[in-house]
**Student:** 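Here's a structure for you.
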Amino acid sequence: MNRIESPTQVLPRTTTRDVELHGGTIPSGSRVMLIWGAANHDDREFDDPERFDITRAIGRHLAFGHGVHYCLGANLARLEARAALEEWHARFPEYELDGDPRRAVSIWARAFSRVPLRLG
């Protein structure tokens, strides 16, 4: 799920040297932004990248960062999400949307401010 809906969308950086990339040059001192959401939908990396498939094996995605910027809390976040979802389903085995979800307004994060549900 994090590949499809990356919680953090943008990682701004400044180049410290000229960078050759895909036949072009990014000059030293340039402000660049890695956009996780776009990277996680790259068809050079993922077959049919717009399709959500919970059984898809994914070896590489950037939802929790990469390299020295990899999220230290990634494993804890996965564990907490699993525990929360298991508890939710145990308490509320039947539920459905009760209106349109509303996205939070943010240039940095992808989240919802409102998700109306009807519990069965």
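Positions are given from 1, in the same order as the sequence printed here. Just so you know, these numbers use all the heavy atoms, side chains as well, and skip hydrogens, waters and symmetry mates. Note that the structure is predicted; figures quoted are calculated from it, not measured.
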**Student:** Shared ILVMFWY cluster between Leu21 and Leu34, side chains joined below 4.5 angstrom?
**Tutor:**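 The answer is no; the residues belong to distinct hydrophobic clusters.
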
**Student:** So for atom CZ, which belongs to Arg102, do other residues, nucleotides or ligands contribute more than 12 heavy atoms lying within a distance under 6.0 Å?
**Tutor:**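 No, the 6.0 Å shell around CZ holds no more than 12 heavy atoms from other groups.
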
**Student:** Would you check if the side chain of Thr15 reaches a backbone N or O of Ser30 as a donor-acceptor pair within less than 3.5 Å?
**Tutor:**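 Such a contact is found between Thr15 side chain and Ser30 backbone.
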
**Student:** Is the CZ atom of Arg82 crowded by more than 12 outside heavy atoms at less than 6.0 Å?
**Tutor:**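 At most 12 heavy atoms, drawn from other residues, nucleotides or ligands, come within 6.0 Å of this atom.
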
**Student:** When clusters are formed by joining ILVMFWY residues with side-chain heavy atoms under 4.5 Å apart, either directly or through shared neighbours, do Leu119 and Val115 land in the same one?
**Tutor:**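 Hydrophobic grouping puts Leu119 with Val115.
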
**Student:** Arg118: which residues meet the salt bridge (charged side-chain N to carboxylate O under 4.0 Å, His left out) condition with it, sequence neighbours left out?
**Tutor:**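 Checked Arg118 against salt bridge (charged side-chain N to carboxylate O under 4.0 Å, His left out); matches are Glu96, Asp98.
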
**Student:** Under 4.5 Å between side-chain heavy atoms, hopping through other hydrophobics if needed: is there a path connecting Leu117 to Phe112?
**Tutor:**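 Yes, Leu117 connects to Phe112 through the hydrophobic network.
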
**Student:** Please say whether more than 12 non-hydrogen atoms of neighbouring residues, nucleotides or ligands are located less than 6.0 Å from CD in Glu94.
**Tutor:**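 Open.
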
**Student:** Using the test ring pair (Phe, Tyr, Trp, His ring centres under 6.0 Å), find all partners of Tyr95 that sit at least two apart in sequence or belong to another chain.
**Tutor:**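 Partners of Tyr95 under the ring pair (Phe, Tyr, Trp, His ring centres under 6.0 Å) test: Trp88, His89.
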
**Student:** Is there a side-chain contact between Thr25 and Val19 (heavy atoms, below 4.5 Å)?
**Tutor:**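 Of all side-chain heavy-atom pairs linking Val19 with Thr25, none is under 4.5 Å.
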
**Student:** Could you tell me whether Arg56 and Asp53 make a salt bridge, using a distance below 4.0 angstrom between a side-chain N and a carboxylate O?
**Tutor:**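 Salt bridge: no.
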
**Student:** Do other residues, nucleotides or ligands put more than 12 heavy atoms under 6.0 Å from the CG atom of Leu76?
**Tutor:**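 Enclosed.
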
**Student:** Atom CZ of Phe46 and atom NE2 of His41: how far apart are they, to the nearest 0.5 Å?
**Tutor:**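 NE2 of His41 is found 9.0 Å from CZ of Phe46.
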
**Student:** Are Pro12 and Arg31 close enough that some pair of their side-chain heavy atoms sits under 4.5 Å apart?
**Tutor:**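 In contact.
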
**Student:** Looking at Asp18 and Ser28, what are the two nearest heavy atoms and their distance?
**Tutor:**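 Minimum heavy-atom contact is OD1-N, 2.8 Å.
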
**Student:** Do Thr14 and Val32 have side chains that get closer than 4.5 Å, going by heavy atoms?
**Tutor:**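 No, their side chains stay 4.5 Å or more apart.
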
